[in-house]
Amino acid sequence: MATDTLKRTPGAGGATGGLRRLLLENGALTALIVLVIAMSALSGDFLTTDNLLNVGVQAAVTAVLAFGVTFVIVSAGIDLSVGSVAALSATVLAWTATSHGVPVFIAVLLAVATGIAAGLVNGFLIAYGKLPPFIATLAMLSVARGLSLVISEGSPIPFPDSVSHLGDTLGGWLPVPVLVMIVMGLIAAFVLGRTYIGRSMYAIGGNEEAARLSGLRVKKQKLAIYALSGVFAAVAGIVLASRLSSAQPQAADGYELDAIAAVVIGGASLAGGTGKASGTLIGALILAVLRNGLNLLNVSAFWQQVVIGVVIALAVLFDTLRRKAGATPSAAGASPGGKGRQAGTYALAAVVTVAIVGATSFLHNGSSASADRRMGLSLSTLNNPFFVQIRAGAMAEAKKQGVDLTVTDAQNDASQQANQLQNFTSSGVGAIIVNPVDSDAASNSVKAADKADIPVIAVDRGVNDAKTAALVASDNVAGGELAAKSIAEKLGGKGKIVILQGQAGTSAARERAMGFENGLKAFPGIQVVAQQPADFDRTKGLDVMSNLLQAHPDVRGVIAANDEMALGAIKALGSKAGKSVSVVGFDGTPDGLKAVEGGSLYASVAQQPTQLGRIAVDNALKALDGEKVQQTVKVPVKVVTKENVAGFSG
């Protein structure tokens, strides 16, 4: 009715009114077209077959998650748990098939059943427990993530080879994740437009009380709606783990926000009652195009978050304006002629996009001529001074050597890093330097770069099951042993200590923990009273240490897997730090060294991160020039204490 009213408005007639209506009703599609044209004009690497396929692959997991979230949002609900449920489902599949010998087909069914169970719990708490959807699904977010870590014991689990093919390509060029995305999108469209439960979603979202009074069993429908969301989350988790060849307990962290953003950008309203699978797909593609294009344009990962946040805000604002203009989309299938008109709109949009993009491609003829002087550096995170120093060393050396270096931040997300490495490969950089979020998860992307004859240098952490030209690193295990030896000798070989571990699932956390364990074996008088993860974060280090002090006030020493956590522990210890309690950190960051000089931090196992970055760029250039490169380049670690800190430079 709202659309009919708009059509009959006198001011809306003619070509101007038709264009206005077209833009209002297809705002997400218009935005996608503008983005594609803009990225094609700004980057000659964007409009290539390989890169466009990358965009599809990078949108796949978000899109599948978002299709499930569409059901929930159309019914005026919200589901914040889909990212954690995806990780849990993939972990269940890998754990049952790999660790317990369950047939793969049964393991897949168990993974899907896990998603359904999580969705049913959400639905029960909301429909029968009367909890707000935000609270119920927020609780499930924490529960599912915790169970994933418990089952995996914080470490990635190899994925069955037969399921890992979901991350491969058909015919050597068509990515399977894209096919999965299309199939799940068609299923979502069918459910929304052709089934009883789909019509129920729109009815509940439009007016839940009216739906109940009309005879709709609202509570049972909500159970089914959240169960469907769980199914789609499970499928997304399986596809994601297939791409990474392993089930990562920390996978899909924060993906629920991307999924919700894709639904909203695609035209659905958080108030419920509207939304389409096609709109959700367009929303997911917009996010993927943004990230892909901004990576190619060497835009800082921090600014990328700002841009995406602005896009989400503009999408909601546009939705508000559209409603005021009377152009709110109707329920799927509500208008007899709507589908034909929509198909025509999409066809016209495709023709216009191809024409304009084709014209802009002439602007970039020969743009890849200097690819051999371009490099990509993908860091696991820039939210840590150690990796900021690696970047600084790499950028300084690149500038000195006349190299165009693009630096990206994976934000401790193995999937996001895989996307970044794919972008580097498709853009034809001369060499890639990678600091893996996880050594196993990076293997497929590194293999793709090797297949494209792009040398890859690993820095700080190696890449498992893939060929790299060189590994430039310190020995985390040896460093952990040095840290353990330092604290034990400082305490005279006896006393109670606690260990602050790094982020569960990362190779650095595992290797340093192994070093701590190995080093303490020589000191039976040292008693480890607690080991807790603090995620390499100073604030979490403060909180975890504060909690541990309540249970263990007589602790005499602390080993932290990095300086940031060590500095948080020092804050929690207060006046005890450096006096009655000795703290040893890891990395040798500027703040850590300052604390060593001041006496509050007894020692830091310094890795000289600036040197790591510099040497990585040097070795990448050697590999490009065909020079012989050492397979492993070790940068010595050094225990820095108050006695030698003055002469140390990282």
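Quick note: numbers below take in every heavy atom, side chains included, and nothing from hydrogens, waters or symmetry partners. Numbers here simply count residues along the sequence, with the first being 1. Fair warning: this is a prediction, and the values are worked out from it, not measured in the lab.
- Aromatic ring centres of Phe71 and Phe232 lie closer together than 6.0 Å.
- Counting heavy atoms from C-beta on, the side chains of Pro455 and Leu624 come closer than 4.5 Å.
- Here the side chain of Thr98 pairs a donor or acceptor atom with the backbone of Pro158 at under 3.5 angstrom.
- Contact check for Val289 versus Phe46: side-chain heavy atoms found under the 4.5 Å cut-off.
- Put simply, the side chain of Thr468 does not reach to within 4.5 Å of the side chain of Ile457, judged on heavy atoms.
- Nearest heavy atom pair, residue Leu290 against residue Met39, reads O-CE, 4.3 Å.
- Put simply, CD1 on Ile265 and CG on Leu287 are 4.5 Å apart, with the number rounded to the nearest 0.5 Å.
- When all heavy atoms of Ala144 and Val85 are compared, the closest pair comes out as CB-N, 4.0 Å.
- When every heavy atom of Ser229 is checked against every heavy atom of Val82, the shortest pair comes out as OG-CG1, 3.5 Å.
- A salt bridge links Asp258 with Arg291: the closest approach of a Lys/Arg side-chain nitrogen to an acidic carboxylate oxygen falls below 4.0 angstrom.
- For Ser84 (side chain) and Leu141 (main-chain N/O), a donor-acceptor pair under 3.5 Å exists by modelled atom type.
- Residue pairs meeting the side-chain hydrogen bond (donor to acceptor under 3.5 Å, both in side chains) criterion with at least one member in residues 104-120: none, sequence neighbours excluded.
- Between Gln411 atom CD and Asn383 atom CG the span is 8.5 Å, to the nearest 0.5 Å.
- Asn122 places no side-chain N or O within 3.5 Å of a backbone atom of Tyr226 that could act as its donor or acceptor partner.
- No option in Thr408, Thr406, Ile433 other than Ile433 meets the side-chain contact (heavy atoms from CB on, under 4.5 Å) test with Leu377.
- Judged purely by distance below 3.5 Å, without hydrogens or angles, the side chains of Asn412 and Gln503 pair a donor atom with an acceptor atom.
- Without hydrogens or angle criteria, Tyr202 side chain to Leu192 main chain gives no donor-acceptor distance under 3.5 Å.
- Each of Ser89, Pro177, Ser415 was evaluated against Leu240; a single residue qualifies, Ser415, per the side-chain contact (heavy atoms from CB on, under 4.5 Å) test.
- The side-chain heavy atoms of Leu52 and Leu47, taken from C-beta on, include a pair separated by under 4.5 Å.
- Asp409 places a side-chain N or O within donor-acceptor distance of the main-chain N or O of Leu382, the cut-off being under 3.5 Å.
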Original post:
Under the side chain to side chain contact (heavy atoms under 4.5 Å, CB included) criterion, do Ile432 and Met375 qualify, and how do the steps go?
Top reply: CA-CA 6 Å; Ile432 296 173; Met375 289 185 189; over 6 Å; no
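- Expressed to the nearest 0.5 Å, how far CG of Leu379 lies from CZ of Phe387 amounts to 7.5 Å.
- Proximity of a side-chain donor or acceptor of Thr169 to a complementary backbone N or O of Pro175 within less than 3.5 Å is not detected.
- Pairing each heavy atom of Leu42 with each of Leu297, the nearest pair is O-CD2, 3.6 Å.
- With hydrogens and angles disregarded, a donor-acceptor distance shorter than 3.5 Å links the side chain of Gln417 to the backbone of Val437.
- Between the side chains of Asp465 and Ser443, no donor-acceptor pair of N or O atoms lies under 3.5 Å.
- Between the CG atom in Leu285 and the CG atom in Asn292 there is a gap of 11.5 Å [rounded to 0.5 Å].
- Counting only heavy atoms from C-beta outward, the side chains of Arg243 and Val57 approach each other to under 4.5 Å.
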**OP:** Decide side chain to side chain contact (heavy atoms under 4.5 Å, CB included) for Val407 and Met395; before the verdict, give the C-alpha distance in whole Å, the side-chain angles of both, and the deciding distance to 0.1 Å.
**Re:** CA-CA 9 Å; Val407 181; Met395 292 183 70; 4.2 Å; yes
Original post:
What's the verdict on side chain to side chain donor-acceptor pair (under 3.5 Å) for Thr91 and Ser152, showing C-alpha distance, side-chain angles and the deciding distance?
Top reply: CA-CA 7 Å; Thr91 301; Ser152 66; 5.4 Å; no
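- Applying the side chain to side chain donor-acceptor pair (under 3.5 Å) test between Ser245 and each of Asn444, Asp440, Asp161 identifies Asn444 as the sole match.
- Here Leu174 contributes atom CG and Leu53 contributes atom CG; the two are 7.0 Å apart, rounded to the nearest 0.5 Å.
- You'll find the side chain of Gln250 reaches within 4.5 Å of the side chain of Leu149, heavy atoms only.
- Looking only at side-chain heavy atoms (C-beta outward), Asn423 and Asn54 come within less than 4.5 Å of each other.
- Under a 4.0 Å N-O distance rule, the pair Asp438/Arg461 does not qualify as a salt bridge.
- A distance-only check finds a donor-acceptor pair linking the side chain of Ser439 to the backbone of Gly462 [under 3.5 Å].
- Residues Ser269 and Thr274 have side chains that never bring a donor and an acceptor to within less than 3.5 angstrom of each other.
- In this structure, Asn51 contributes its side chain and Ser426 its backbone to no donor-acceptor pair below 3.5 Å.
- The heavy-atom pair separating Val263 from Ala66 by the smallest distance is CG2-O, 3.4 Å.
- How far CD1 of Ile454 is from OG1 of Thr425: 4.5 Å, rounded to the nearest 0.5 Å.
- Thr96 places a side-chain N or O within donor-acceptor distance of the main-chain N or O of Leu93, the cut-off being under 3.5 Å.
- Under the 4.5 Å side-chain criterion, counting only non-hydrogen atoms from C-beta, Asp79 is not in contact with Glu256.
- In summary, the side chains of Ser445 and Gln422 do not present any donor paired with an acceptor at a separation below 3.5 Å, with no hydrogens or angles considered.
- Minimum heavy-atom separation, Arg145 to Ala251: NH1-O, 2.6 Å.
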